[in-house]
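All remarks here apply to the structure that follows.
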2 protein chains.
Amino acid sequence: MKIAEVSERYGLSSDTLRYYERIGLLPTVTRTESGIRDYSELDLQRVDFIKCMRSAGLPIEVLIDYMELIEQGDSTIEARQQILLEQRDLLTSRIAEMQKTLDLLNHKIEIYEKNILGKEKEMAHEQE
Amino acid sequence: MKIAEVSERYGLSSDTLRYYERIGLLPTVTRTESGIRDYSELDLQRVDFIKCMRSAGLPIEVLIDYMELIEQGDSTIEARQQILLEQRDLLTSRIAEMQKTLDLLNHKIEIYEKNILGKEKEMAHEQE
DNA sequence: GTATCACCTGGAGTTAACTCAAAGTCAAGG
DNA sequence: CCTTGACTTTGAGTTAACTCCAGGTGATAC
C-alpha cells in the first residue's frame, strides 16, 4: 500500500509517516524496486499501534525504544513488557487527573446553568 | 503571597507563573508598593483552576479567552459556559480515546505475561 | 514524447508551552 | 554600609512533534 493510501486510512499525513520512519519509529517499511514505500500488513499494524499510542499521549521517544526492542527479537520481551507497564501506569494516572478536571468542568457548567436560569427568571419578572 | 510560595504550593515554576501573567492568563495579580507580586486569594484560586485545566490538556489560548470573558463581567456568562461546554466535550472524548489505548495496553501486557510464563516453563522443561 | 502527478530526500520552518539569561532593584542580615 | 538573595523586566532559547519546501525522479495519461 502506498503512502497516500496509508495516510488516508489512518489520518496521519504523508509527512508524518515519513517523519516516523526517519526517526526510527517505523524502520522497516518495504519499498518497490524504484524506491517507493509500499507498506506491508505488518507495517500497517505498526502504524495503527503507533497512532493509538500517540493519540493517548505516549511520547515518541518511548515508542522508538519499544520498536527498537521489537527489532532485537525475543530476548527483549521482558524489557518491552516493562515499558508497557510503565506507560500503562502513567496513562492510568493521566486519565484519573483528566477525570478530576472533567468533574470540575461539569460542576462549573452546572453553576453557570443555575446562574443563567436565575437571570432569565429575573428578566421575566421585570417584564411582568 | 509571594511568587516563590505560590510556585511551591502549586508546583508551577516562578517563570511559568510570570509567563501566564505576561500572556494574559493571570492578568490581575496584585503587587506590593515596590512592585513585587503578592498573590491574593482570588489570584490563588485562578492559579489552581488554570493548573487543573492545563493538566488535562486544555490549550492556554482557550483559557486566555475564558479569563478575558471573566474580566468583562456578568454579561459574558453564556459565552463562558459555552467555552466550558466545548472543552468538556473535547475532554470527554479524549478520555474515551485514552481509555481505549489503556485497554489495548492491558491486553498487550497480558499477552507478554503469557509469553514470559511460557518461556519459563520451557526453560524449566529443558533443565529436566 | 511530453506533461502531470505522486513520490523521493535533506533540510529548514512552525507551534505550543514553557524555560533561561542578563541586567537591574530592593529589603534584610551581619 | 555592603553583601546576599529574592524579586523585577525584556528578550532569547529550548523541546516535542510535526510540517513545509526545494529540487529531483519515475510512472502514467493524453
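Throughout, protein chains are lettered first and strands after them, A, B, ... in sequence-line order, and every chain is numbered starting at 1.
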Nucleic acid contacts of residues 54-64 of chain B, taken as heavy-atom distances under 4.0 Å to DNA chain C
R54(B), P59(B), I60(B)
Starting from P on dC20(D), measure out to CG on L12(A) and report it in whole angstrom.
14 Å
Output one letter per nucleotide in nucleotides 6-13 of chain C: B when a protein non-hydrogen atom lies under 4.0 Å from the base, S when only the sugar-phosphate is that close, - when neither is.
-SSBBB--
Please report the distance, rounded to the nearest Å, between CG in L25(A) and C1' in dC18(D).
13 Å
Round to the nearest Å and state the distance from E33(B) atom CD to dC7(D) atom C1'.
16 Å
Could you tell me if S40(B) and D43(B) have a donor-acceptor pair between their side chains, going purely by distance under 3.5 Å?
yes
Rounded to whole Å, CD1 of I23(B) lies from P of dA16(C) at a distance of 11 Å
In a check of side-chain hydrogen bond (donor to acceptor under 3.5 Å, both in side chains) between Q81(A) and each of K108(B), E110(B), E113(B), which one passes?
E113(B)
Over how many whole Å does the gap from Y19(B) atom OH to dT14(D) atom P extend?
17 Å
Over all atoms of both residues, closest heavy-atom pair of P59(A) and R54(A):
CA-NH1, 4.0 Å
Can you establish whether the number of heavy atoms outside D74(B) located under 6.0 Å from its atom CG is more than 12?
no
Can you confirm if the aromatic rings of Y66(B) and F49(B) lie within a centre distance of less than 6.0 Å?
yes
Evaluate whether atom CD of Q72(A) has more than 12 neighbouring non-hydrogen atoms of other residues, nucleotides or ligands under 6.0 angstrom away.
yes
Whole-Å distance, L17(B) CG to dT8(D) C1', equals 14 Å
